[in-house]
2 protein chains.
Amino acid sequence: MASMTQPDSLPGGELTARNLLQQTHGRVTPARVGVLGILLNANAALSHQEIEQTALRQGLSADRVTLYRALDWLVEQGLAHKIAGADRTWRYNAQAGIPHQHAHFHCKQCEQVFCLENLQPTLLFGLPDGYQIDEVELNLQGSCPDCRNRNAS
Amino acid sequence: MASMTQPDSLPGGELTARNLLQQTHGRVTPARVGVLGILLNANAALSHQEIEQTALRQGLSADRVTLYRALDWLVEQGLAHKIAGADRTWRYNAQAGIPHQHAHFHCKQCEQVFCLENLQPTLLFGLPDGYQIDEVELNLQGSCPDCRNRNAS
DNA sequence: AACTAAATGCAATACAGTTGCAAAATATTG
DNA sequence: CAATATTTTGCAACTGTATTGCATTTAGTT
């Protein structure tokens, strides 16, 4: 708590991360603050690798395993969620206010994964009898806005 | 081609597999015939492990790597397709007449994955601007008919 | 039967993720 | 504020799926 001059404007959403963490029953550690900050600040779902690299770039050095554990813990606490990508790696994101049921968009050009909110539950028809559906996961692939603009040079 | 007494009724769809393979430009090998037969005969998408075990049970002994390569090749030829599961394993299936765009149903009880055809392209609304969608992947989770019946003892 | 290109088997490797345990750090208590 | 109890971290070793290199074998052809 040294020198809180600027109330709420740290790079990486450090403060927000701290606040969120203090509302849990777990310990507020550098790894957790760092990871959650990175996730909050990202506009796409990040892989473990991407998180590790971003952390390093920010001067936060943490062991691979620690990151995995911090991520799992964040998911447990409901502060982040985990997406199974088509490349068989997990991706994590912590965008607030995203409902449980939403779609993921995988850009084939930049390989980033975005969470699409406001994508209302899809209307299905022709569903075979006898299947009881508990969860719906909708994955889209294509080009994200940035890449489309980049192409339309 | 020894003794073709029964025209078209082998266990495992061996003949169908052979026929399909002969229409490709590749070689018809025991591994490919066996794997494709297994896939054709299955009513769910199979993991590499399940395929290996089934193969062994049928007396077809092939190296793990050979199975992987046979599967990849079948996918290349369009005779099978590959699903990325949430458990980071690939699953393969070869059900004929399934359109490119269809849904996968993962049963949480028996852990099997079924391909749902006839599940018409979903109607989306609220899709953010700027995203160009090339592929739609719809994954459902819940209980399959068999498991539901089993529960309703 | 001989030949050639393709497929196989084996060993080694890559890579994401997990586990066990001692050392360090956090939060709590006196 | 120091002692303490508990959680978290780092390191090393380990899973398990999938891939690669290369010598050997095999399918299809001439």
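The chains referred to below are lettered A, B, ... by the order of the sequence lines, with proteins before strands, and numbering in each begins at 1.
Looking at A/Leu36 and A/Val33, their side chains never come closer than 4.5 Å, going by heavy atoms from C-beta outward. Put simply, the side chain of A/His48 reaches to within 4.5 Å of the side chain of A/Leu71, judged on heavy atoms.
The aromatic rings of B/Tyr131 and A/Phe114 sit perpendicular to each other, their planes meeting at more than 60°, with 30° as the lower class boundary.
Remark: the A/Arg69 side chain and the C/dG17 base include no donor-acceptor N/O pair separated by less than 3.5 Å. Residue-to-nucleotide contacts include no donor-acceptor pair under 3.5 Å from the side chain of A/Arg27 to the base of D/dT8. One N or O donor and one acceptor, one from the side chain of B/Arg64 and one from the base of D/dA18, sit under 3.5 Å apart.
Spacing between atom CG of B/Asp87 and atom P of C/dA16 amounts to 17 Å, rounded to whole angstrom units. As rounded to whole Å, 6 Å separates atom P of D/dA18 from atom OH of B/Tyr92. Straight-line distance from the CG atom of B/Leu21 to the P atom of D/dT26: 19 Å, rounded to whole Å. Separating the CD atom of A/Glu52 from the C1' atom of C/dG17 is a distance of 12 Å, rounded to the nearest angstrom. When the C1' atom of C/dT28 is taken as reference, atom NE2 of A/His25 falls 15 Å away, rounded to whole Å. Between the NZ atom of A/Lys82 and the P atom of C/dA16 there is a distance of 15 Å, given to the nearest Å. Taking atom CG of residue A/Asp63 and atom P of nucleotide C/dT19, one finds them 15 Å apart after rounding to whole Å. As rounded to whole Å, 12 Å separates atom C1' of D/dA27 from atom CD of B/Gln22.
Between B/His106 and B/Asn139, the side chains place no donor N or O within less than 3.5 Å of an acceptor N or O (distance only, hydrogens not considered).
Nearest-nucleotide mapping onto DNA chain D: of B/Gly26 and A/Ala62, the residue sitting toward the 5' end is A/Ala62. Comparing B/Arg88 and B/Val28 against DNA chain D, the residue whose closest nucleotide sits nearer the 5' end is B/Arg88.
The A/Trp90 side chain lies nearest to C/dG17 when the options are D/dT17, D/dT19, C/dG17. The listed nucleotides are C/dT18, D/dT19, D/dT8; the one nearest the side chain of A/Arg32 is D/dT8.
Within the structure, a side-chain polar atom (N or O) of B/Thr66 is placed less than 4.0 Å from OP1 or OP2 of C/dG9. Within the structure, every side-chain polar atom (N or O) of B/Thr89 is placed at least 4.0 Å from both OP1 and OP2 of D/dG16.
We find that A/Asp72 and A/Lys82 are joined by a salt bridge, their nearest charged nitrogen and carboxylate oxygen being less than 4.0 Å apart.
Residue contacts shown for B/Ala31 are limited to sugar-phosphate atoms, with no base heavy atom under 4.0 Å away.
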